[in-house]
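Structure first, commentary second.
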Amino acid sequence: MKRVAIVCASIHHGNTNKLASVFAEELDAELLTVEEARGRSLSDYDLVGLGSGIYFGRHHQSLRLLVNSWDTPPRTVFLFSTAGLPFLRLAQHASLRRKLRKRGCRVISEFCCRGWDTVGPLWLFGGINRRHPDTRDLERARQFAQRLKTDALISDPKLSGK
Ligand SMILES: Cc1cc2nc3c(=O)[nH]c(=O)nc-3n(C[C@H](O)[C@H](O)[C@H](O)COP(=O)(O)O)c2cc1C
């Protein structure tokens, strides 16, 4: 594995930052906020992870704007999120996935887990998914990152140095 960057927007409770830290550690990656990533060329990285909470059925708008702003998109990307309703991952990742594919990126894998959610009237009850991501979620994230390392090495000859 060569150079990896993780870009994360985590605005509600910092839930997604917890995943981003695990990925950064496991993949020996540079961890960036969207502000830090803006104006930088991510095409130099061999793998870029993009993640946020899910807000109104999609990733955070700042990530979509970041993808729009790229002159030269990175080649290989993975997506992650935390959500009140993580079983909707495929649908809720669709907007960013589609945008990335239009820009010519390969989206190699996706991860989503439960995140503490106190949106709207939920705060009255303390929210749903309290204490998530928890240690089991983070362990699953670690395993995902390990698989990603292997998959990225196998599926992209450039990464394996062949
Ligand atoms: C304004 C708002 C809208 C949300 N919309 C959704 C949604 O459409 N689907 C969903 O599964 N979760 C939704 N959530 C829950 C968040 O995705 C969840 O709490 C996530 O873990 C927040 O991540 P963060 O703390 O990293 O910002 C919403 C939360 C907020 C604050």
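When a ligand or atom number is given, it counts from 1 through the structure's own listing order. Each residue takes its place number in the sequence, starting with 1. Note that this is a predicted model, so its numbers are computed, not measured.
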* Asked: For ligand 1, is L88 a contact, meaning one of its heavy atoms is under 4.0 Å away?
  -> no
Looking only at distances, please establish whether an N/O atom of ligand 1 is found under 3.5 Å from an N/O atom of [X].
X: Q92; value: yes
X: A9; value: no
X: S52; value: no
X: P86; value: no
X: F56; value: yes

Should we count [atom1] of [X] as having more than 12 external heavy atoms under 6.0 Å?
X: R136; atom1: CZ; answer: no
X: R58; atom1: CZ; answer: no
X: R103; atom1: CZ; answer: yes

Nearest protein heavy-atom contact for [atom]: which residue, which atom, what distance?
atom: atom 19 (O) of ligand 1; result: W116 O, 2.8 Å
atom: atom 30 (C) of ligand 1; result: V119 CG2, 3.6 Å
atom: atom 11 (O) of ligand 1; result: L85 N, 2.8 Å
atom: atom 25 (O) of ligand 1; result: H13 N, 2.7 Å
atom: atom 14 (N) of ligand 1; result: I54 O, 3.0 Å
atom: atom 27 (O) of ligand 1; result: Y55 OH, 2.5 Å
atom: atom 12 (N) of ligand 1; result: G84 N, 3.1 Å

Does the side chain of [X] come under 3.5 Å of the side chain of [Y] through a donor N or O and an acceptor N or O?
X: Q61; Y: Y55; value: no
X: H93; Y: S81; value: yes
X: T16; Y: T82; value: yes

* Asked: So, for R114 and N129, which heavy atoms are closest and what is the spacing to 0.1 Å?
  -> CD-OD1, 3.1 Å
* Asked: For the atom pair CH2 (W70) and NZ (K99), what is the distance rounded to the nearest 0.5 Å?
  -> 11.0 Å
